[in-house]
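Remarks on the structure that follows.
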Amino acid sequence: MNAVDRLSVFKTYKLYVGGKFPRSESGRVYEVTDSKGNWLANAPQSSRKDARDAVVAARKAFGGWSGATAYNRGQVLYRVAEMLEGRKEQFVREVAEAEGLSKAKAAAVVDAAIDRWVWYAGWTDKIAQVVGGANPVAGPYFNLSSPEPTGVVAVLAPQDSSFLGLVSVLAPVIATGNTAVVVASAKAPLAALSLGEVLATSDVPGGVVNILSGATAELGAPLAAHQDVNAIDLAGADAELAKELEIAAADNLKRVLRPQPVDYTATPGTDRLTAFLETKTVWHPTGALGASGSSY
């Protein structure tokens with residue numbers, strides 16, 4: 001067959017839920033276009049049922065992921081960076097088309113996203129020393145504080161930074177032992193859906209990260225109101241939607257990270273690592289002090 005007669009094989013993008021790749025429960029899709037309005041692909045338009053299924057998968061995975069050692073979670077995150085490095089060309093193309101960037105600028109964005117995974121991989125076994133430790137108390141006690149993951153975190157990914165922004169809000173959530181339900185950028189979801197393929201072929205257990213595409217408001221509402229979601233990051237919500245979701249999240253006292261201006265190209269601090277951590281404090285008697293000053 002002549003090369004000019006060959007038809008291209010178009011990619012079918014799917015959701016990533018519980019380590020599998022389902023189509024939307026509703027069967028709906030929507031057109032994704034590039035920065036000039038040219039058609040790129042059809043993406044699944046997730047429903048409320050898809051959101052609930054993703055929460056079930058995230059909750060099921062939480063015990064194993066939060067119970068893993070911090071060092072092991074770091075290894076897993078680093079493995080994601082390795083896999084992204086091997087598929088860099090694909091992500092450069094998807095980012096360039098979605099965000100209207102030149103190939104060189106898109107390559108720089110993808111490199112920064114890969115480096116961001118490595119950054120958070122290095123923090124997994126260090127954050128406990130930064131936010132935990134021994135506390136001085138007035139009494140014969142050891143008083144120790146240590147961070148623990150909050151649980152299932154819903155993440156509304158940034159709308160304009162479809163890949164670097166996504167990685168910047170997702171990686172710290174799972175680095176600290178939480179599991180995540182991610183709503184990808186509505187207008188540019190393809191890089192996020194491709195990230196699901198990378199996670200599936202890395203060492204990330206199924207359900208630790210679940211990726212949905214579709215209307216941010218339609219998916220954000222059931223996630224904000226869901227009784228088994230412990231926290232929500234509103235990075236991808238506009239001011240009006242953020243207010244509505246924050247009100248809904250108050251019903252079960254979710255932690256809420258409000259949207260704020262962020263330069264995703266800048267080196268991040270520890271704010272997003274600590275945003276979804278709880279602090280457990282343990283008291284233990286040291287024993288009565290004897291006349292000689294001995295503890296026992």
Side-chain angles (χ1 to χ4, degrees), residues 3-4 6-14 16 30-43 74 76-123 155-175 182-202 204 209 211 213 216 233 235-236 238 259-269 271-273:
V4 296
R6 182 180 180 275
L7 296 176
S8 299
V9 178
F10 290 103
K11 180 175 179 177
T12 301
Y13 287 88
K14 297 182 181 180
Y16 182 57
Y30 70 100
E31 291 187 357
V32 178
T33 59
D34 63 16
S35 58
K36 298 179 180 178
N38 300 311
W39 180 85
L40 292 175
N42 289 333
V76 172
L77 263 69
Y78 188 83
R79 176 62 175 165
V80 174
E82 289 181 345
M83 298 299 288
L84 283 172
E85 190 77 30
R87 295 179 61 166
K88 187 188 300 185
E89 185 176 341
Q90 172 193 349
F91 283 94
V92 169
R93 183 184 70 254
E94 289 178 337
V95 170
E97 291 173 341
E99 300 181 20
L101 302 177
S102 67
K103 186 175 181 180
K105 289 183 177 179
V109 168
V110 173
D111 284 343
I114 295 171
D115 293 346
R116 192 64 43 86
W117 277 109
V118 176
W119 163 270
Y120 283 114
W123 270 107
V155 179
L156 307 187
Q159 298 297 328
D160 296 322
S161 185
S162 63
F163 190 53
L164 177 56
L166 167 72
V167 170
S168 297
V169 297
L170 170 60
V173 169
I174 64 172
V182 180
V183 179
S185 165
K187 64 180 181 180
L190 302 187
L193 297 176
S194 291
L195 177 62
E197 298 171 4
V198 170
L199 298 174
T201 53
S202 303
V204 181
V209 177
I211 302 175
S213 58
T216 301
D233 185 343
D238 59 31
Q260 51 197 298
V262 179
D263 179 7
Y264 291 111
T265 63
T267 302
D271 291 353
R272 278 198 142 79
L273 284 166

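Here the structure is a predicted model, which is why all the values come from computation and not from measurement.
The side-chain heavy atoms of I174 and Y120, taken from C-beta on, include no pair separated by under 4.5 Å. When side chains are defined from C-beta on, K105 does not count as touching V95, because their heavy atoms never get closer than 4.5 Å. Side-chain atoms of V198 and Q90, non-hydrogen and from C-beta on, never get closer than 4.5 Å to each other. Inter-residue side-chain proximity for D233 and V173 is flagged as unmet; no heavy-atom pair is nearer than 4.5 Å. Side-chain contact between W123 and P172: absent, with no pair of heavy atoms (C-beta onward) separated by less than 4.5 Å.
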task = Test L190 against K11 for side chain to side chain contact (heavy atoms under 4.5 Å, CB included), laying out the working first.
result = CA-CA 10 Å; L190 302 187; K11 180 175 179 177; over 6 Å; no
key: Trace of the side chain to side chain contact (heavy atoms under 4.5 Å, CB included) decision for K187 with T33   = CA-CA 8 Å; K187 64 180 181 180; T33 59; over 6 Å; no
ask   = Run the side chain to side chain contact (heavy atoms under 4.5 Å, CB included) check on I211 and L166 step by step: do they pass?
value = CA-CA 11 Å; I211 302 175; L166 167 72; 5.7 Å; no
task = List the steps, then state whether side chain to side chain contact (heavy atoms under 4.5 Å, CB included) holds for Y264 with V109.
result = CA-CA 10 Å; Y264 291 111; V109 168; over 6 Å; no
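At a cut-off of 3.5 Å, with distance as the only test, a side-chain donor of R116 or S168 sits close to an acceptor on the other residue.
Around atom OH of Y78, no more than 12 heavy atoms belonging to other residues, nucleotides or ligands sit under 6.0 Å away. Crowding of E89 atom CD: a count of heavy atoms from other residues, nucleotides or ligands under 6.0 Å not exceeding 12.
Nearest heavy-atom pair across A113 and V167 is O-CG1, 3.6 Å. The minimum heavy-atom distance between W117 and A81, with the atom names listed, is CB-CB, 3.9 Å. Residues W119 and P268 share a closest heavy-atom pair of CZ2-O, 2.9 Å. Taking all atoms of both residues into account, the shortest heavy-atom contact from A121 to L77 is CB-CB, 3.7 Å. Shown here for A157 and S185, the closest heavy-atom pair between the two residues is CB-N, 4.2 Å.
A donor-acceptor pair under 3.5 Å is absent between the side-chain atoms of E99 and the main chain of A106, judged by distance alone. One N or O on the side chain of Q159 and one on the backbone of A186 form a donor-acceptor pair closer than 3.5 Å.
With rounding to the nearest 0.5 angstrom, the CZ atom of F10 is 10.5 Å from the CG atom of N42. Put simply, CG on L193 and OG on S162 are 10.5 Å apart, with the number rounded to the nearest 0.5 Å. A distance of 11.5 Å separates CG in N38 from CD in E31, rounded to the nearest 0.5 Å.
Screening V118, L199, I114 for a side-chain contact (heavy atoms from CB on, under 4.5 Å) with L84, the sole residue that qualifies is I114.
In this structure, F163 and F91 have parallel ring planes: the angle between them is below the 30° cut-off, well short of the 60° mark.
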